[in-house]
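See below for the structure under consideration.
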Amino acid sequence: MSKVKGSLALIILIISWLAMFWLTGSRTPWQIFSAGDKNAGISIYLGDIPSENYDRMGFTKGLVKYIANENAWLAGTDRGELFLFSNDGKQIWKRSLGIGKLVSMSVSNDESIAFVGEQSPAGNLYAIDLAGGDILWRFSAAEVVGVDPGKRSYPSIVHICVDGDDNVYANAYRFVTVKDGSRGYNGKAVAFTKKGDKLWQFPDNENIDSWINWCDVNDNNGKLVLSTSAYEIRPDMKYRDTMYFINKKTGQLINSVAVPPVDPFENTVMRGSPNFSKDGKFLAAACSDGRGLLFDNDGKILWQRELSKPTQVGGAWINASGRDGFAVTEGVVFTTINTFNRENWQLPTPVEHPSNNSMYVFNYDGTFKYKYRALGTMEAIEFAGKLAACAVGRNVRTHNYAAHGAVVVDLQTGSELDFFHTEGPLQTVAISNDAKSVAGIEAPAVTPEGKIIGAYRLHIWQR
């Protein structure tokens, strides 16, 4: 009797799977959940990953981009997997790229190829055919910045940008241990054609001895700009400047700019910027010391604003770190993230800085337009027309879990148009070209009380 019952249960399971496969088109249909409330959207489980401490500095990542040609979402994960999902949540294809974490992504102008960077012993940059997920070519960052598995010093392709000819520009980086035992850096900017032919590398015969987290390219001025992110300057460091401007065709250095630091910081750090305006005339950047700056395309400061002034409270210097800077049609946009203690970013702060977790928008003449404040970190921001979509993640000071989710903001007025809540912190976001759909990746987290909130999921919402 027990064998009959077991066989019957198996048959019912198979029939159920076939029915769900027929309805969803997915081989893993149990991963797709949808509710009647439009704010609930579609939720797709992306697999098991370790749940990290809510308050830690480095945290789980995720990548997502809208592919207009397919009306689909390209999602990359910490598991080294790349997916293409339709706008209604059906899996179109999946590609396992290796053992590393996927940490950066860009797409060709015709949306035929995705360029994806990983952190791994190889630190590969992949070119992926978006029609089916096949690997077209790859390049290992270990070739230019090295690897030290014994110290778990693995190379990463930390950022990728693409110009109008679909040439690909990538920042390769890994940490190293220098002679005095402190942490140093190996960095290199590398350029490729769409087909994977290497155009140049900068510097040609050495590595940048600083953390290079960001780059941007512009066709109208012919330049690539990359910024440095080392919080401390060692006496023997060569690449001390804040920004380096490179001829995008030849890879030759045009000029570099050192932005003077503000107290109590010893160096000016840019992590999620700078970015050129579309016409190539302006360059917007936010600094970790809390400043927002607008430059001309040579790096001359046109104006700067204190988004979050470092303040001493109870003997501790606190500020809300600036991260993103964009020069878009509606104005110059900056974001700040959580409140941090200058002495040790892991230490608590006596108060929240009033300028933290905010988006600031200015006119191009530097006049203030408005401030939008979220209740958690602005993890990512993306634009569609006159709207901005923001991923709101952790607030490590208040532990306000209700803050997690995606917000859509009117760039002209600063009004919040939509909020889509997620249980765990939302780590990245994308918005469709017509601004009707929004997607983001949620990560699980372990709260200070030991509770796991959220899961590793892709969410798709309709506005």
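Numbers here simply count residues along the sequence, with the first being 1. Here the structure is a predicted model, which is why all the values come from computation and not from measurement.
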Give me the ring orientation class for Y364 and F282: parallel if the planes are under 30° apart, tilted from 30 to 60°, perpendicular past 60°. tilted

Can you find a side-chain donor-acceptor pair between W214 and N275 that sits under 3.5 Å? yes

Any cation-pi pair here, R394 with F59, using under 6.0 Å and within 45°? yes

Would you say that I453 contacts P444 through its side chain, given a criterion of any heavy-atom pair below 4.5 Å between the two side chains? no

From CG (N87) to CD (Q462), nearest 0.5 Å: 4.5 Å

Just wondering, do V333 and M359 contact through their side chains at under 4.5 Å, heavy atoms? yes

Is the centre of the W73 ring less than 6.0 Å from the centre of the Y66 ring? yes

Quick test of your reading of the model: are D78 and K61 salt-bridged, counting only N-O distances below 4.0 Å? no

Establish, yes or no, whether the cationic atom of R138 lies under 6.0 Å from the six-membered ring centre of Y126 and within 45° of the ring axis. no

Note: R271-D324 ion pair, threshold 4.0 Å (strictly below): no

So T335 and F326, do their side chains get closer than 4.5 Å, heavy atoms only? no

Is R79 salt-bridged to E81, going by a charged N under 4.0 Å from an acidic O? yes

When you measure from the centre of the six-membered ring of F83, is the NZ or CZ of K94 under 6.0 Å away and within 45° of the axis? no

Would a line drawn from the ring center of H459 to the ring center of F420 be shorter than 6.0 Å? no

Under 6.0 Å between ring centres, would you say that holds for Y54 and H404? yes

Thinking salt bridges, do E423 and R457 make one under a 4.0 Å N-O criterion? yes

So, applying side chain to side chain donor-acceptor pair (under 3.5 Å) with N109, which one of D166, D163, D165 is it? D166

